[in-house]
Amino acid sequence: MMPSSTWLKSGLIIPFVSLFVVLAAWGTTSPIGSSPDEPFHIASIWCATGKIDEHCLSEKEIGSGRKEVTLPFTVDICFGASLSTSAACSSNGQSIPQVNEANTTLGPNGFYRAMHVFVSSNPLMSVLRMRIFNALLAAFCFSMVLVLAPRRLKIAFIGSWVVTLIPLGLSLMSSINPSSWTITAGATNWVFLITAITSTRKSKQQLGAGAMWSFTLLMALSSRHDGLYIALATNLIAHFALNGFNTRSLKRFAPWIGAALLLCLSLTQVRRTIGYFTIFSTSINTYPDRSFVQWFAFNVVHVIEIPLGTWGGDWGAGGIRSFGISPPPLVSAIGFAMFIATLTVALRQPNKKQLLAFSGAALLVTVPIFQMLNHYRFLIGDMVTSRYILPAMPFVVGIALYASTNTQEFIQGKNTKRLLVTLISISHSVTLYTVLQRFVSGNDGFYRLIDTTSGWWWKSLPVGPNLVWLIGSLILPVALMSWIRAIELDQ
């Protein structure tokens with residue numbers, strides 16, 4: 001754990017600020033209605049309290065965990081008509097009432113109620129404030145790992161998010177999709193648990209890690225029903241795979257899992273999560289003309305598309321934001337190559353505990369995908385998207401690095417660090433530009449300076465899209481190097 005003086009002397013200020021700036025840049029890249037299912041989430045946020053007021057003009061239950069609500073403004077996704085249609089066509093935010101579906105019990109309401117705090121008479125600025133807040137929250141949770149975790153765990157953590165969450169994860173973490181909190185919590189919660197359990201009893205480090213573990217667990221439970229599954233699964237795998245099932249291990253872990261279950265019960269999440277997994281015993285054949293053999297063979301052949309889509313490529317119903325936005329294939333190639341290279345370093349001299357933990361983490365990723373594909377007999381690319389496994393992806397890499405005898409090698413060697421930072425920064429910059437150009441100018445297949453005459457909030461912001469792209473592109477390598485430097489200082 002780094003002393004507080006190091007934090008104040010900017011050893012940790014730069015990693016926090018630089019990561020926040022990158023995430024905030026992502027928060028401005030697209031208009032409202034552009035992230036996955038955003039019209040639904042906007043309606044759920046504006047009508048989160050269940051009250052009829054100036055923000056939610058009416059609501060009526062329609063079943064299946066949903067309600068029909070009337071918003072006092074328009075959520076216009078005209079830019080979804082084609083890739084060449086920019087968001088300049090949008091009438092977003094105009095004071096024309098619009099009927100939308102919203103959440104009642106389809107998902108947890110905690111995220112929506114928290115975002116409701118930022119609701120105002122200006123929908124555009126309200127959404128922007130929500131995105132900036134989620135960017136700040138993610139940067140804070142990530143940076144607290146640098147403050148609290150031991151050095152070896154910090155190395156595993158930076159390796160876990162750098163090679164899995166850039167660029168798609170960054171774009172979602174600064175969105176108003178509930179996945180924002182699920183990804184942030186999934187990437188950090190297990191780190192805080194290991195830190196709390198391995199720290200000196202009742203030390204500041206243990207108390208701080210325990211508080212952050214509770215906070216990120218609450219984020220997971222408040223955002224999506226699978227947040228409970230991800231949090232508990234990563235906690236169980238991380239602890240018992242590394243420490244075994246002996247009496248001492250159980251005693252140390254019992255208070256934490258007990259606290260988690262009490263929190264779950266208080267939020268009525270257990271019942272819903274059990275229902276979430278009933279699809280193992282039932283099946284809805286969405287496409288009766290497909291035989292089991294056809295379904296199984298297709299998905300086995302195409303299963304690689306799910307992890308490839310986590311880097312933003314148009315694989316397995318992937319893509320950045322919504323509406324089929326996909327960066328050049330180079331982005332997915334770089335992301336997947338860095339992912340494989342990191343796991344190769346981590347697993348070069350495997351040990352029993354590491355293999356057990358890594359196998360559990362791999363199952364953690366594959367089980368949710370299998371359950372959805374099997375339940376509806378979907379084919380990969382139908383409705384099951386890569387972002388569903390994104391909250392668990394950092395854990396797969398992180399636990400393999402943490403349990404490795406080669407953990408230190410990940411950040412050793414100047415050439416290795418430079419290559420990692422350079423390649424990831426290039427893929428990030430290209431993706432950020434792709435999204436900005438798509439919504440501001442329309443994607444015509446060529447890369448050129450973005451037209452700055454577009455509408456939405458650019459007319460109200462002191463910076464334009466080209467400057468946002470430049471700042472986001474230049475600050476990411478600064479963020480990555482500052483994170484590595486902060487770990488190197490913690491000797």
Side-chain angles (χ1 to χ4, degrees), residues 16-49 51 53-56 69 71-77 87 90-95 98 100 102-103 109-143 169-185 215 218-219 222-223 321-322 432 435-436 439-440 454-465 467-469 471-472 475:
F16 166 71
V17 172
S18 57
L19 181 58
F20 167 67
V21 170
V22 172
L23 288 166
W26 271 107
T28 66
T29 57
S30 56
I32 67 173
S34 58
S35 68
D37 307 312
E38 192 163 309
F40 175 85
H41 298 311
I42 288 174
S44 300
I45 291 169
W46 258 255
C47 296
T49 63
K51 298 178 180 178
D53 54 22
E54 69 274 16
H55 303 308
C56 185
V69 303
L71 299 179
F73 60 90
T74 300
V75 181
D76 186 2
I77 56 173
S90 175
S91 57
N92 273 326
Q94 290 188 11
S95 300
Q98 184 182 60
N100 277 309
N103 176 71
N109 202 42
F111 175 84
Y112 298 128
R113 290 185 70 92
M115 294 298 102
H116 186 80
V117 173
F118 300 98
V119 169
S120 70
S121 58
N122 188 331
L124 297 181
M125 289 299 106
S126 296
V127 169
L128 184 59
R129 283 192 292 268
M130 294 171 200
R131 292 182 182 178
I132 298 301
F133 172 78
N134 287 334
L136 182 65
L137 189 61
F140 168 74
C141 292
F142 276 42
S143 298
L170 297 186
S171 75
L172 287 170
M173 287 158 66
S174 55
S175 72
I176 61 169
N177 189 299
S179 294
S180 166
W181 283 16
T182 314
I183 293 170
T184 297
F215 179 66
L218 183 61
M219 288 177 63
S222 301
S223 54
R321 294 302 194 192
S322 286
L432 186 65
V435 175
L436 275 165
F439 288 115
V440 178
S454 183
W456 24 302
W457 46 57
W458 294 115
K459 294 181 179 179
S460 304
L461 295 183
V463 296
L467 184 57
V468 166
W469 168 72
I471 292 173
I475 294 298

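Values reported hereafter were calculated over all heavy atoms of this structure, with side chains retained and with hydrogens, waters and symmetry mates removed.
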* Asked: Which is it for Leu71 and Cys47 under the side chain to side chain contact (heavy atoms under 4.5 Å, CB included) test, yes or no, and what are the steps along the way?
  -> CA-CA 8 Å; Leu71 299 179; Cys47 296; 4.2 Å; yes
* **Which atom of Ile45 lies closest to which atom of Tyr112, heavy atoms considered** => CG1-CD2, 3.6 Å
* Asked: Are any of the side-chain heavy atoms of Cys56 and Lys51 separated by less than 4.5 Å?
  -> no
* CZ/Phe439 to OG1/Thr28 distance, rounded to the nearest 0.5 angstrom? -> 12.0 Å
* Asked: For the atom pair OG (Ser179) and CG (Asn134), what is the distance rounded to the nearest 0.5 Å?
  -> 11.5 Å
* Short side-chain to backbone donor-acceptor contact, Ser175 and Asn177, under 3.5 Å -> yes
* To do: Could you tell me which non-hydrogen atom of Leu19 sits nearest to which non-hydrogen atom of Ala139, and how far apart they are?
  => CD2-CA, 4.0 Å
* Asked: Is Phe73 close to Gln98 at the side-chain level, that is, under 4.5 Å between some pair of heavy atoms?
  -> no
* Asked: Is it true that a side-chain atom of Thr29 and a backbone atom of Ala25 form a donor plus acceptor pair closer than 3.5 Å?
  -> no
* Quick one: do Ile42 and Ile32 satisfy side chain to side chain contact (heavy atoms under 4.5 Å, CB included)? Show the steps, please. => CA-CA 9 Å; Ile42 288 174; Ile32 67 173; 4.1 Å; yes
* Measure the OG-CG distance between Ser223 and Asn109 for me, rounded to the nearest 0.5 Å. => 12.0 Å
* If every non-hydrogen atom of His55 is compared with every non-hydrogen atom of Ser121, which pair is closest and at what distance? -> CE1-N, 4.4 Å
* Structure fact -> In terms of heavy-atom contacts, Ala24 and Ile132 come closest through CB-CD1, 3.8 Å
* For the atom pair CZ (Arg131) and OG (Ser180), what is the distance rounded to the nearest 0.5 Å? -> 11.0 Å
* Using a 4.5 Å cut-off on heavy atoms from C-beta on, say whether the side chain of Thr182 contacts that of Phe111. => no
* Atom of Ala138, atom of Met173 and distance for their closest heavy-atom approach -> CB-CE, 3.6 Å
* What closest approach, in Å, do Gly33 and Ile77 show between heavy atoms, and which atom pair accounts for it? -> O-CG2, 3.4 Å
* Between OG on residue Ser174 and CD1 on residue Ile183, distance to nearest 0.5 Å -> 9.5 Å
* Asked: Would you call Cys141 and Phe215 a side-chain contact if the rule is heavy atoms closer than 4.5 Å?
  -> yes
* Considering only heavy atoms from C-beta outward, does the side chain of Phe140 approach that of Thr184 to under 4.5 Å? -> no
* Phe133 vs Phe118 aromatic rings, parallel, tilted or perpendicular, using cut-offs 30° and 60°? -> tilted
* Asked: Under the criterion side-chain contact (heavy atoms from CB on, under 4.5 Å), which of Arg129, Met130, Glu54 is the partner of Val119?
  -> Met130
* Trace of the side chain to side chain contact (heavy atoms under 4.5 Å, CB included) decision for Leu172 with Trp26 -> CA-CA 9 Å; Leu172 287 170; Trp26 271 107; over 6 Å; no
* Structure fact -> Here the gap from Ser171 atom OG to Leu432 atom CG, rounded to the nearest 0.5 Å, amounts to 10.0 Å
* To do: Report yes or no: do Ser120 and Asn122 form a side-chain donor-acceptor pair below 3.5 Å?
  => no
